[in-house]
Peer 1: 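One structure, pasted below without further comment.
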Amino acid sequence: MCDTCGCNITPGNEHLIVNDGKLSKTSSGGEAVEVLQGVLHENDHQAMHNRQHFDQHQLLAINLMSSPGSGKTALLEATIDALGDEFNIGVIEGDLETENDADRIRKKGVPACQISTGSACHLDAHMVHDALHQLTLEDLDILFIENVGNLVCPASFDLGHHRNITLLSVTEGDDKPAKYPVIFRAADLMLLTKTDLLPYLEEFKPERAEQYLRELSNPAEMISLSAKSGEGLERWLNWLRHTLQHYRRHLASGATLTPALQPDGVALHQHTHSHDHTHSHDHHHS
């Protein structure tokens, strides 16, 4: 649970916050919901500026989302091994504590910045912006943002990135897309990871996981792969190459790419006034 995104507001306690509920006013007399809306508005504003920084340097930013232990860092290590001579890669790591994942990435010779969120269950645009000061953006082609392991909140926050990727490992249930629809609806690509373990996990059916994704009306491509065995890795690498080309073509035409953020995940934080956006938004999947 965090104090910024409203995820501590549930259908069970929401009556305390809305419609003149017991906690609808802050101690200074402000509207509690307005405070949450203000936090989200400031996040969106910061995200827009982050994206402008990325676009200025033609740097594709990708948000990796999944539950803990799905293999995000192992996938990054395998990707760096395969593409390190082709592209300049940078990584932002998000965890509640430790520098463990950033240390693994640095051992590959790639710049990595660790964000320790404390108790927050997701990264936000302000955290990412602070981390950017530790990276030399003009030297990079692709920036991976490894979000905090959590299948709920990361899909609701714009970090300024261009594409969302949701990982589902075969050690989890194949019904995760049905149980956690928000984060799978947000996916521009779904990666089914640790497929080398499939022979030992007869209950997990990849076709069933993809069917649950389709039932969310998400046409995103699903790629099955194993960072350990290398199975399916080339298809993932080709997706990255294609997406970077696609992104830079958009920039050449004066537009950028934005991820498919989920309105039902930010329902408590909607604001009605208009923004002065300077970028064109493309919500189509690749």
Side-chain angles (χ1 to χ4, degrees), residues 2-5 7 39-68 70-77 79-80 83-84 87-150 152-167 183 186 188 240 243-244 247 256-259 261 279:
C2 68
D3 296 327
T4 56
C5 74
C7 65
V39 169
L40 265 293
H41 171 66
E42 290 303 317
N43 181 82
D44 290 349
H45 188 67
Q46 181 63 65
M48 183 178 67
H49 285 293
N50 290 352
R51 192 171 292 109
Q52 288 173 336
H53 285 306
F54 296 142
D55 292 349
Q56 179 183 352
H57 298 291
Q58 300 189 54
L59 168 58
L60 176 69
I62 292 176
N63 182 28
L64 296 177
M65 306 181 294
S66 75
S67 58
S70 64
K72 294 190 294 295
T73 309
L75 174 68
L76 289 177
E77 290 174 316
T79 302
I80 292 165
L83 294 182
F87 300 116
N88 294 316
I89 295 172
V91 178
I92 293 175
E93 294 280 356
D95 280 305
L96 269 64
E97 295 291 348
T98 83
E99 291 248 338
N100 292 353
D101 290 347
D103 286 341
R104 287 172 59 180
I105 296 300
R106 291 178 191 127
K107 287 179 181 176
K108 295 292 181 182
V110 164
C113 176
Q114 181 77 46
I115 300 174
S116 297
T117 64
S119 60
C121 48
H122 61 272
L123 297 178
D124 66 24
H126 298 282
M127 295 177 188
V128 170
H129 180 261
D130 289 344
L132 295 182
H133 289 295
Q134 301 178 46
L135 297 170
T136 307
L137 300 188
E138 54 265 35
D139 291 343
L140 301 179
D141 298 302
I142 301 173
L143 176 67
F144 291 103
I145 303 170
E146 184 178 339
N147 218 312
V148 177
N150 175 7
V152 184
C153 302
S156 299
F157 281 76
D158 189 356
L159 307 177
H161 58 293
H162 302 102
R163 282 292 179 255
N164 281 327
I165 296 178
T166 303
L167 283 69
I183 206 161
D188 296 297
L240 282 173
T243 302
L244 180 59
Y247 163 62
T256 188
L257 302 178
T258 56
L261 296 171
H279 288 288

Peer 1: In plain terms, say whether K72 and D101 are close enough for a salt bridge, that is, a side-chain N and a carboxylate O under 4.0 Å apart.
Peer 2: no
Peer 1: Got a second to check how far F54's CZ is from L159's CG, nearest 0.5 Å?
Peer 2: 8.0 Å
Peer 1: Test R51 against T258 for side chain to side chain contact (heavy atoms under 4.5 Å, CB included), laying out the working first.
Peer 2: CA-CA 9 Å; R51 192 171 292 109; T258 56; 3.8 Å; yes
Peer 1: Can you name the side chain to side chain donor-acceptor pair (under 3.5 Å) partners of R104, sequence neighbours left out?
Peer 2: E77
Peer 1: Taking all heavy atoms of A47 and all of A125, pick out the closest pair and write down the distance.
Peer 2: N-CB, 3.5 Å
Peer 1: For a 4.5 angstrom cut-off between non-hydrogen side-chain atoms, does I62 reach I145?
Peer 2: no
Peer 1: How far apart are the C-alpha atoms of E42 and H45, what are their side-chain angles, what is the distance that settles it, and do they pass the side-chain hydrogen bond (donor to acceptor under 3.5 Å, both in side chains) test?
Peer 2: CA-CA 5 Å; E42 290 303 317; H45 188 67; 5.9 Å; no
Peer 1: Hey, could you give me the CG/CG distance between N150 and L96, rounded to the nearest 0.5 Å?
Peer 2: 9.5 Å
Peer 1: Donor-acceptor check, side chain of D95 to backbone of E97, threshold 3.5 angstrom: yes or no?
Peer 2: no
Peer 1: Where do A61 and H161 come nearest, in terms of heavy atoms and distance?
Peer 2: O-CB, 3.5 Å
Peer 1: To the nearest 0.5 angstrom, please state how far the CG atom of L75 sits from the CG atom of L167.
Peer 2: 6.0 Å
Peer 1: Show me the donor-acceptor pairs within less than 3.5 Å that the side chains of residues 127-142 make with the rest of the protein, sequence neighbours left out.
Peer 2:
| from | atom 1 | to | atom 2 | distance (Å) |
| --- | --- | --- | --- | --- |
| D141 | OD1 | R248 | NH2 | 3.1 |
| D141 | OD2 | N88 | N | 2.8 |

Peer 1: Identify the heavy atoms of F144 and L64 that sit nearest to each other, and give their distance.
Peer 2: CD2-CD1, 4.2 Å
Peer 1: Pair E93, I105 - check side chain to side chain contact (heavy atoms under 4.5 Å, CB included), show working.
Peer 2: CA-CA 9 Å; E93 294 280 356; I105 296 300; 3.4 Å; yes
Peer 1: Taking atom CG of D188 and atom CG of L257, what is their separation to the nearest 0.5 Å?
Peer 2: 9.0 Å
Peer 1: What pairs with H57 under side chain to side chain donor-acceptor pair (under 3.5 Å), at least two apart in sequence or on another chain?
Peer 2: none
Peer 1: Test of understanding: with side chain to side chain donor-acceptor pair (under 3.5 Å), list the residues that count as partners of K108, not counting sequence neighbours.
Peer 2: D81
Peer 1: Just by distance, do the side chain of T166 and the backbone of I183 share a donor-acceptor pair under 3.5 Å?
Peer 2: yes
Peer 1: Could you grab the distance from atom CG of L60 to atom CG of L143, nearest 0.5 Å is fine?
Peer 2: 9.0 Å
Peer 1: Find the distance between NE2 (H122) and OG (S156) and round it off to the nearest 0.5 Å.
Peer 2: 8.5 Å
Peer 1: Only one of N50, D44, N43 clears side chain to side chain donor-acceptor pair (under 3.5 Å) with Q46; which?
Peer 2: N50
Peer 1: Can you see which heavy atom on T73 is nearest to which on E146, and at what distance?
Peer 2: OG1-OE2, 2.9 Å
Peer 1: Please identify each residue that fulfils side chain to side chain donor-acceptor pair (under 3.5 Å) with N63, with sequence neighbours left out.
Peer 2: N147, N164
Peer 1: Using side-chain heavy atoms (C-beta onward) and a distance below 4.5 Å, is L240 in contact with F87?
Peer 2: no
Peer 1: Can you name the side-chain contact (heavy atoms from CB on, under 4.5 Å) partners of S67, sequence neighbours left out?
Peer 2: S70, L151, E172
Peer 1: May I ask you to decide if R163's main-chain N or O and Y247's side chain share a donor-acceptor pair within less than 3.5 Å?
Peer 2: no
